[in-house]
Colleague: 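Right, I'll just put the structure down here and ask away after.
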Amino acid sequence: MTLRTLLATTVALTFAGQALAQDFNDPAEFKKQREQLSMTPQGPEGQPWAQHLGDGMVDTAKYRKDGQVTLCFSNAGVFNPWRVVGLNNLNAEAELHKDRLKELIVVDAEGKDDKQISDIEALVSGGKCDALIVSPNTTAALTPAVEAACDKLPVIVFDRGVNTSCPVTYIHPVGGYGFGITSGEFIASKLKKGDNVLALRIMPGVDVLETRYSAAKTIFDEAGINVIGSEFTGSDRAKTKSVVEDYINRGEKIDAVWMDAGDTATAALEAFEDAGLPYPVISGEDQQDFLRKWQADKLTAIGPSYPTYQWRTAVIAALDVLDGKQVPGPEWVLPQPAITEDVLADYVDERMPPLHYSLCGCQELPGYPERWGGKK
Amino acid sequence: MSPLPQTSSPLRRPARLAVNAGLVIFLALYAAIAFLQPNYLEPGLFMNFLRRAAPLVILACGQLYVILTGGFDLSMGAVATLAVLAASILINGDPETTWAVIGTLYVMGIAVGLMNGLVVAFLKVPSIIATLGAMLTVNGLALAWSGGAARGDLPDNFRNLGWLVWRDVPFVGTLPLAAIVLAGFVALAWWGLNGTVYGKRALAVGDNPRAAELAGTPVAATRILAFVVSAVSAVTAGILIGGFSGVSVNAGEGLELQAIAACVIGGAQLLGGRGSIWSAVFGALSLFALFTLLNLIGLPQALRDSIQGVILIAAVGASLWRTRRRT
Amino acid sequence: MTTDIAKNKPAARGLPVAVLLAGLSIGFFVAVALATGEVAQLGGQGIVGLLQRMVALGLVALGQTFVILVGSIDLSVAALISAVAVLASHVMQGDPAMILPAILLCLGLCLAVGLVNGVLVAYGGINPLIATLGTGLIVQGVLAASFGALQGAVAREFQVLAYGGVLGVPYSILLFAVLSLAAAFVLDRTLFGARVYAVGGNPEGARLAGIRTERVTLSAHVVASLFAGASGLYLAARLQSGTPWIGRDGIYDLESIAVTVIGGTILAGGKGGVAGTLAGVLLFASLDAAFNMLGIDAFLKQVLRGAIVVAAVAIHAVRTKGHVA
């Protein structure tokens, strides 16, 4: 097989891949999430982690257990700063309920599906858990393990879901389409028809990220805005900066930058700085370094979020289930706010580390700010 | 696996061979880049290219020392990440402490290098395993120390090492500070191999450690020094990376395999015995030029891995074929 | 990586290391279970769970053992595992009638990759680290690029391999046991096995004795790829569908090398065996389970694992008389 044939085959496969990869375009889900973004949440004022959108509730009287309980948590891993903040939230929330909670067992799957399946099986067979909280690494792969666990004890799933309705409730914010809608609409409102937007993304094939891009692209297409590129940077700051530099060096006019996650947003902005160009309109996320740069350099920006306070909700839900209280279900949809210009100042906090997710809902939790890496 | 050692002028010929292979590949690739985008021929963009390639070139130089002695260093990426994270935590936003912290980073790097060297030389653990263990440990330490996410910002005087570019410089236009750091490091690495007796010792140890030992070469010390140099280069690369793009937890990911690939493309022989600093330098520049070229073509990220694999096998195959023709 | 050739010991010598390692692993697991009060882990379910943790890495490591015994190495296993998992789920598309074609196709892919690896290493003389790193990158790249077109899911019936069992013993563990015994038998009792040790221990001597060293190396690479395929099929059954990152996330390439070396198989080849590798895999599985019970922080786990890998190899490597690179 000559090199040329090999190259030709692979290029052909790639294009085939592109054509079939548009599965992440579900108009019904898009519409539903758009509605949810504008719904008024129910629940305690000022505590978005305890609020819910929509009316569904489930009865949990049969799971009631008196006395001190043990919660078990199978965590996909702490392989990115979002999950690190989330786990801190979860641990801190558990501390708030010390009187009811005898023990919180946290098991880390290091990002491996196979390990997480074994972990869940071990937790269930260990017999110590009164309720199981799961943050699945992948949706399909973890389904059988969760199903088997549901037979033995109440299961609460959050972040990514599983393909079964057996858990007591599935906690998640509005979703990827919502993220894309918020950011896409903001950029579309600041640009004219025919302007250019550069999409910077982490990696292909990840459902929670693909839906964000799909929604934003739909909005850009409707508004007549050109997506001049969709680049995968793997969350690597150096690569993000290089990619943007390349576009600038090629002479492309970039009016806006859309990102599916904000951890390398400041790197993208630095590329403009280095080239001596004005900053573009940008949609990032709720990381501190982005917010600070936004404030300092007076950017035109928005910070949509996939809030880390859902990690708090998981513990709250689990304890409510063991109390026999009704909880929102079968899906507990949390509000998904975005940080806009008018509320920016409330969220900038110089004490916190650069990759702290500001919509953590953790300011009142025990250990703030040190537990999250902040300085007093 | 390795051919029997040649008995006639073994060291002179292969070194010239390495210059030709790596340099030729690099020139060919850069020509292709310039063809696609002519402004890469301008000194400004060439300097930009050097600035971005600098970390990989420095890493390749360090890895070369270890490869010459017959081993591998898989812990470079982890050390680079540690350097970036440690810098952000220790400096803590106070620019006064930058140089002291940089000193501390080098001390940490030297410690890791010493550990690797001692484990390989005295505990007789093969370097693949020893440095794999070091990679896991150093990575774990870096993440545990920083709590899994970057802490603190890096002040400007630190970041300048990777970021600063002087404009309106006569003759070249723009001159990045990283290019100067790169030139300095390569000069030091060249001097280490060619200006001192160390180079000959490393080659001897890599080629035939028993014979080297009998000839009086301090084998253990040579190996340990190689790992120390490798770790030092990883710290330097980490500083440049952190400078260019800021703090992140995956700053060094995958760099060690790229460094090994770079040395091999440039003509260094794995398991020791042959190679020169130019193998590392031109091999790394070639690899980086390949990445840039693939970027310009717009080839999907995924296929770049495949191309890298093909080039790797082709480069080694070509140099082997050339060696066979001479024998 | 050169060691004194004269110091070769027969394969059976590996047994004490394996027994020691296995004993330590089990002892640690039991101690932690008792200390944390999770006594249920010592019961049937717990032991089965522990063995289940061994299957994926164990299958790959068995193949890696063959390759390391001939003095080579295989870094392409992680990419191959991902490729097999993706291919299997794509071909099956949930249809039980396609199970057999899927398996055959995957094994065919493994055969092809193994042959390429073997040819590059044995006949091309290319350093195995580079050759297999290269093929791994090629497979990984093509896989990731074409993943969009290769979606699918395995048939429910195929998932029985990972979730079903007989008399409380999962099929996966039975499969693993059978393959381990087969591998051990081949290495200890067959002519091929003897040749593997000969080529690894003393390639020149083997060639002079008339053994076709290139063929033996080639076969070892094919065996390694086939075992990687088995692991990929198992993972496809367990995870319901494959993604291009299963192999990389599970770090199967470096971990399979690590457990093989920890088990007493030396990288230069010619010494070691299946028993040691299994003990190494058991060590990793026990550490996983024990660290879970102890609730050790994810990052500290990594630090400990790195230290244990080095220590476990150092324990018997330190006795090496020659030079090690």
Side-chain angles (χ1 to χ4, degrees), chain B residues 1-3 69-72 74 119-130 132-145 147-148 205-206 208-210 213 219 223 257 260-261 264 269-272 300-313 316-317 320 324, chain C residues 1-4 71-73 75 79 120-121 124-131 133-147 203 244 254 257-258 261-262 266-268 297-311 313-314 317-325:
Chain B
M1 228 175 346
S2 54
T69 62
F72 306 94
L74 295 180
V119 167
V120 173
F122 294 113
L123 292 182
K124 312 281 192 182
V125 177
S127 60
I128 277 190
I129 299 292
L132 171 64
M135 172 176 85
L136 292 172
T137 305
V138 170
N139 232 330
L141 279 174
L143 289 171
W145 192 9
V205 166
N208 192 338
R210 187 97 177 95
E213 185 185 33
V219 174
R223 270 201 229 285
L257 287 177
I260 294 176
V264 166
Q269 182 175 291
L270 287 185
L271 306 178
Q301 175 68 37
L303 281 180
R304 289 176 213 178
D305 283 342
S306 299
I307 306 281
Q308 194 184 334
V310 171
I311 297 280
L312 204 54
I313 295 177
V316 179
L320 263 178
R324 293 244 179 84
Chain C
M1 235 164 27
T2 51
T3 56
D4 281 340
S72 184
I73 210 168
L75 281 181
L120 288 173
V121 171
I126 297 183
N127 183 292
L129 199 95
I130 296 295
L133 179 62
T135 51
L137 282 172
I138 295 174
V139 169
Q140 183 71 44
V142 172
L143 177 66
S146 46
F147 181 51
L254 293 174
I257 296 172
V261 176
I262 287 177
I266 60 174
L267 283 172
D297 168 76
F299 307 130
L300 182 59
K301 245 196 270 183
Q302 241 194 309
V303 175
L304 288 174
R305 205 179 281 136
I308 290 175
V309 165
V310 175
V313 174
V318 73
R319 278 185 270 143
T320 316
K321 291 281 168 58
H323 288 275
V324 170

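Every value quoted in this text rests on a predicted model; they were computed, and no experiment measured them.
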Colleague: Can you tell me which portion of C/L254 sits under 4.5 Å from chain B's heavy atoms? Options are side chain, backbone, both or neither.
Modeller: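 Both backbone and side chain of C/L254 come within 4.5 Å of chain B.
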
Colleague: Identify which part of C/A131 has an atom lying under 4.5 Å from any heavy atom of chain B, answering side chain, backbone, both or neither.
Modeller: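 Answer is backbone: N, CA, C or O of C/A131 sit under 4.5 Å from chain B.
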
Colleague: What pairs meet the side-chain hydrogen bond (donor to acceptor under 3.5 Å, both in side chains) rule with one or both residues in residues 133-142 of chain B, with sequence neighbours excluded?
Modeller: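 Sorted pair list comes back empty.
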
Colleague: Using non-hydrogen atoms only, which part of B/V120 is less than 4.5 Å away from chain C: side chain, backbone, both, or neither?
Modeller: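 Contact with chain C involves both backbone and side-chain atoms of B/V120.
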
Colleague: Rounded to the nearest 0.5 Å, how far apart are CG of C/L137 and CG of B/L303?
Modeller: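 Nearest 0.5 Å value for the CG-CG distance: 12.0 Å.
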
Colleague: By side-chain hydrogen bond (donor to acceptor under 3.5 Å, both in side chains), which residues pair with C/K301, not counting sequence neighbours?
Modeller: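 Here the qualifying residues are A/E110.
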
Colleague: Output the option from C/L120, C/I73, C/V310, C/I130 having the highest count of non-hydrogen pairs under 4.5 Å with chain B.
Modeller: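 Maximum pair count with chain B is reached by C/I130.
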
Colleague: Please round to the nearest 0.5 Å and tell me the distance separating atom CG of C/L133 and atom CD1 of B/I260.
Modeller: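 One gets 8.0 Å once the value is rounded to the nearest 0.5 Å.
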
Colleague: Where do B/L320 and C/G124 come nearest, in terms of heavy atoms and distance?
Modeller: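 Smallest interatomic distance, heavy atoms only, reads CD1-O, 3.6 Å.
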
Colleague: Pick one of side chain, backbone, both or neither for C/L129, based on which atoms fall under 4.5 Å of a heavy atom in chain B.
Modeller: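 Just its side chain gets close to chain B.
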
Colleague: For B/V205, which atoms come within 4.5 Å of any heavy atom of chain C: side chain, backbone, both, or neither?
Modeller: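 Neither the backbone nor the side chain of B/V205 comes within 4.5 Å of chain C.
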
Colleague: Quick check: closest heavy atoms across B/P126 and C/L267, and the distance to 0.1 Å?
Modeller: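 So the minimum-distance heavy-atom pair works out to CB-CD1, 3.4 Å.
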
Colleague: Could you report the tightest heavy-atom contact between C/G141 and B/S306, atom names first, then the distance?
Modeller: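 Closest heavy-atom pair between C/G141 and B/S306: CA-OG, 3.0 Å.
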
Colleague: What's the separation between atom CD1 in B/I313 and atom CG in C/N127, rounded to the nearest 0.5 Å?
Modeller: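 With rounding to 0.5 Å, CD1 (B/I313) is 11.5 Å from CG (C/N127).
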
Colleague: How long is the straight-line distance from NZ of B/K124 back to NZ of C/K321, given to the nearest 0.5 Å?
Modeller: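 Reported to 0.5 Å precision, the distance equals 10.0 Å.
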
Colleague: Just so I understand: if I count every heavy-atom pair under 4.5 Å between each of B/Q308, B/R304, B/M135, B/R223 and chain C, which residue has the most?
Modeller: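 The answer is B/R223.
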
Colleague: So which residue, C/I262, C/V313, C/V309, ends up with the most heavy-atom pairs under 4.5 Å with chain B?
Modeller: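 The option with the most such pairs is C/V313.
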
Colleague: Could you give me the CA-CA distance, side-chain angles and deciding distance for C/I257 and B/I129, then say whether side chain to side chain contact (heavy atoms under 4.5 Å, CB included) is met?
Modeller: CA-CA 8 Å; C/I257 296 172; B/I129 299 292; 4.3 Å; yes

Colleague: Checking heavy atoms, do the side chain of B/S127, its backbone, both or neither come under 4.5 Å from chain C?
Modeller: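 Looking at B/S127, backbone and side chain both touch chain C.
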
Colleague: Taking all heavy atoms of B/G70 and all of C/A325, pick out the closest pair and write down the distance.
Modeller: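 Minimum heavy-atom separation between B/G70 and C/A325: O-CB, 3.1 Å.
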
Colleague: Please answer whether the main-chain N or O of B/G140 pairs with a side-chain N or O of C/R305 as donor and acceptor at a distance below 3.5 Å.
Modeller: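 Judged by distance alone, no pair lies under 3.5 Å.
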
Colleague: Given that the side chain runs from C-beta out, which part of B/I311 has a heavy atom under 4.5 Å from chain C: side chain, backbone, both or neither?
Modeller: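 Neither part.
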
Colleague: Could you tell me which portion of B/L132 (side chain, backbone, both or neither) has an atom closer than 4.5 angstrom to a non-hydrogen atom of chain C?
Modeller: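 Contact with chain C is through the side chain of B/L132 alone.
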
